[in-house]
Amino acid sequence: MQDIESASGLLLLHHITGEPLAESDPIDTVLAIDAHGIGSVLDPATAFDALGDVALREAVDELAEAAYSGGSALQHVVDSLIAPSGPWAGEALTQTGDDLLTTAIIEVQRAEPREIAPSGSGSLLLMNALAKRTDERERWTIRRRASSPEHSCDQVAWRSLAAQEFPIEPYTEVRSNTADTIGVLHIMQWLSVSSDSEFFDHVENLLMDLSELDLLLVVGPANLMTDRHGASRRRRLLLPSESYTAPLRYVAQLPKGLSRFGGRRRLAVWVFGRPSSTWTVVGSHSDTRTDVAAREAIAADIATAVSNSIDLYAHAFRTSSVLKSDVFLRQSTLTAPPATGVPADGGERLARVWELDRGLLDGIDVSVADSQSGHVTFSRALRGFGRDLAGARIPDEHLDIPQTGWVAVIGSDQVRDPMLLGRSGIDRLTLEEVAPRSTLTEPGDVVYVTVGGCAAFVDHHGGHAVAAPARIFRCKDDASHDRRLVPAVVAANIASQPGSDRSTWQLQTVPVDAVPAITEIAQRVAARKQSLLNQLRDLEALATVLTEGLSTGSLTATVHTSHTTKAE
């Protein structure tokens, strides 16, 4: 590691010659560079100088023997570069991240093989992960940019790829447009960005090199690529003029937890290509489970988005939407919620209502009507439809059974199990000391939690303190809208969400005319639930008193054949 550039060169020489360097002739060893076509990653003069270091040659021989080959030792060196203190730690992906992105690249390459041109250290790291997952027939030519700024560690990655028999040739910007010309897949992975402008400038430079046959895959921070933070600079890149729209064929915020040492860093992916197309496929993967099926589905979506031969509308996108590029790219956020699915038939729903009704709907006429779609994203709901309030951080040591002058507390446990409501509280004065900015609920507030799975309920009484991570959603009665959010519907929507990323949530708005009926039904359901909960509590109390009385002998009981019980 003290002289990683020379050491990696000798490890590659050991790999291609298959014999100890200490016992070989330096001239014959250097001649093997041209024989194996690895001159683009190892300069013969540099290799000859490194062979003159006897101690280094012996160390390389020992390391290669321990790793069973020089190529295997090179891979170990690459792996060490992404250790927590390694120079590539900021670009390191988790195993799941590697699996997801390499699956997508392989799917794109198998659909239409291209040469590959990585740009930057992160891309080289991704290429080495790709090399582990491809078979011997998938050794695509890798183009090396002469103008790309590189570090000594980057040489290790290039030489590791050469050891795995990937042909590596110089990248030429001017290419002939003949019938046998194939495109180039440009790859840019830059996770640890220190300058927003530098990131976008680098993408712009790569876009300028793109031919009609080429693709560009970019992996980077979601706050620059899809979120509101990078909107201004991103718009200048994607929509530099009224007459030009960048050929962004696929964009998606990736699932959580793909950056190995990036903490809460969220990643996104862009894929550019097919300049003649006018559509962009927008993926919604923030809460997607990253199992094998999900990875393959995402990879298939990307391959379809950039393909010239697959009908975009014949493909079944599972968590993606197809949107008009010139309209979509003007948004402040490059995200789209997942499709809400096909609404259920009104007749089927009415039949189900009749089946489930136990007198709850007395005095309410329910009939079939034309369905109306009124979904809004969670972020859109916060602009006029409602407010989202954080719960207070209340230390557990201050919570106890509620007493006079105390306020009941709703936490995650109470949201998930309504029977626990009223069993936890805090003194009002203590609450002012430990959480002075806490907000008490109002009647109709939706209290919800996302940690450990989504759950929600409507607090019909109000006056409760809410302990984090539980939160409050408060619906607004805005007369300017012909549709509103209703607490009962919002609670059901939140409880049914598949993941905790609120940017992917959709809430169903309700026509103003339907609000009174929904409110009345919700109140009746809440009253029935409370009645059933009271019965359950009474049953628990009865069982406790009888069990304790019978076990201590203060009560006796005789069981008769008629199943009646006599207690004394």
Side-chain angles (χ1 to χ4, degrees), residues 82 90-108 118 120 122-123 125-127 129-130 133 185-193 199 203 215-231 234 238 248-273 280-306 317-321 323 328 331 333-339 377 379 450 497-505:
I82 59 175
E91 295 297 323
L93 293 168
T94 61
Q95 187 67 52
T96 301
D98 278 341
D99 291 341
L100 175 61
L101 293 175
T102 55
T103 300
I105 294 173
I106 290 172
E107 184 73 18
V108 169
S123 304
L125 189 57
L126 185 57
M127 284 301 304
L130 178 70
R133 293 165 175 79
L185 171 60
H186 302 263
I187 297 178
M188 169 185 165
Q189 177 180 305
W190 193 353
L191 311 185
S192 185
V193 177
F199 175 85
V203 177
L215 300 178
L216 168 59
L217 182 145
V218 180
V219 182
N223 66 324
L224 297 181
M225 298 173 65
T226 60
D227 295 350
R228 195 178 302 273
H229 171 77
R234 183 172 63 234
L238 302 178
L248 184 59
R249 301 284 75 90
Y250 184 87
V251 56
Q253 189 175 103
L254 296 176
K256 299 177 182 178
L258 299 190
S259 179
R260 181 175 294 185
F261 306 115
R264 291 178 172 269
R265 180 191 296 154
R266 298 298 299 271
L267 304 179
V269 60
W270 286 343
V271 185
F272 295 89
T280 298
V281 176
V282 188
S284 303
H285 310 310
S286 296
D287 280 313
T288 301
R289 295 181 59 185
T290 49
D291 53 18
V292 174
R295 293 198 298 268
E296 291 179 349
I298 294 173
D301 288 356
I302 295 175
T304 300
V306 299
F317 291 103
R318 190 175 73 173
T319 55
S320 301
S321 305
L323 303 176
F328 169 72
Q331 294 184 179
T333 59
L334 298 189
T335 57
T377 62
S379 59
T450 61
Q497 297 298 328
S500 60
D501 188 351
R502 287 175 289 173
S503 67
T504 67
W505 289 5

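Listed by chain and number, the residues in a side-chain hydrogen bond (donor to acceptor under 3.5 Å, both in side chains) with Ser123 amount to none (sequence neighbours excluded). For Arg133, the side chain to side chain contact (heavy atoms under 4.5 Å, CB included) partners at least two apart in sequence or on another chain are Gln95, Asp98, Asp99, Thr102, Ile106, Ala129. Taking the side-chain hydrogen bond (donor to acceptor under 3.5 Å, both in side chains) definition, one finds that Arg234 meets it with nothing, sequence neighbours left out. Residues satisfying the side chain to side chain contact (heavy atoms under 4.5 Å, CB included) criterion with Thr103, sequence neighbours excluded, are Arg295, Ala299. Remark: Thr96 engages Thr94, Leu258, Thr290 in a side chain to side chain contact (heavy atoms under 4.5 Å, CB included) (not counting sequence neighbours). Phe272 meets the ring pair (Phe, Tyr, Trp, His ring centres under 6.0 Å) test with Trp270; sequence neighbours excluded.
Considering all non-hydrogen atoms of both residues, Phe199 and Trp190 come closest at CA-CZ3, 3.6 Å. Residue Phe328 comes nearest to Val251 through the heavy atom pair CE2-CG1, 3.6 Å, listed as atom of the first residue, atom of the second, then distance.
A donor-acceptor pair under 3.5 Å is formed between the side chain of Arg249 and the backbone N or O of Gly273. For the pair Gln253 (side chain) and Arg266 (backbone), a donor-acceptor distance under 3.5 Å is absent.
Atom CG of Leu248 is separated from atom CG of Leu334 by 7.0 Å, given to the nearest 0.5 angstrom. For the atom pair CD of Gln189 and CG of Leu217, the computed distance is 9.0 Å after rounding to the nearest 0.5 Å. Taking OG1 from Thr226 and CG from Leu267, the interatomic distance works out to 10.0 Å, rounded to the nearest 0.5 Å. Between the CD1 atom in Ile105 and the CG atom in Leu126 there is a gap of 4.0 Å [rounded to 0.5 Å]. We find the CD1-CZ distance between Ile82 and Arg260 to be 4.0 Å, quoted to the nearest 0.5 Å. How far OG1 of Thr333 is from CZ of Arg228: 6.0 Å, rounded to the nearest 0.5 Å.
Contact annotation: the side chain of Val271 never approaches that of Val108 to less than 4.5 Å [non-hydrogen atoms, C-beta and beyond].
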side-chain contact (heavy atoms from CB on, under 4.5 Å) between Leu93 and Leu191, intermediate numbers included: CA-CA 9 Å; Leu93 293 168; Leu191 311 185; 3.7 Å; yes
Residue pair Ile298, Tyr250: steps toward the side-chain contact (heavy atoms from CB on, under 4.5 Å) verdict: CA-CA 11 Å; Ile298 294 173; Tyr250 184 87; 3.9 Å; yes
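Among Met188, Met127, His186, the one residue that satisfies the side chain to side chain contact (heavy atoms under 4.5 Å, CB included) test with Pro118 is Met127.
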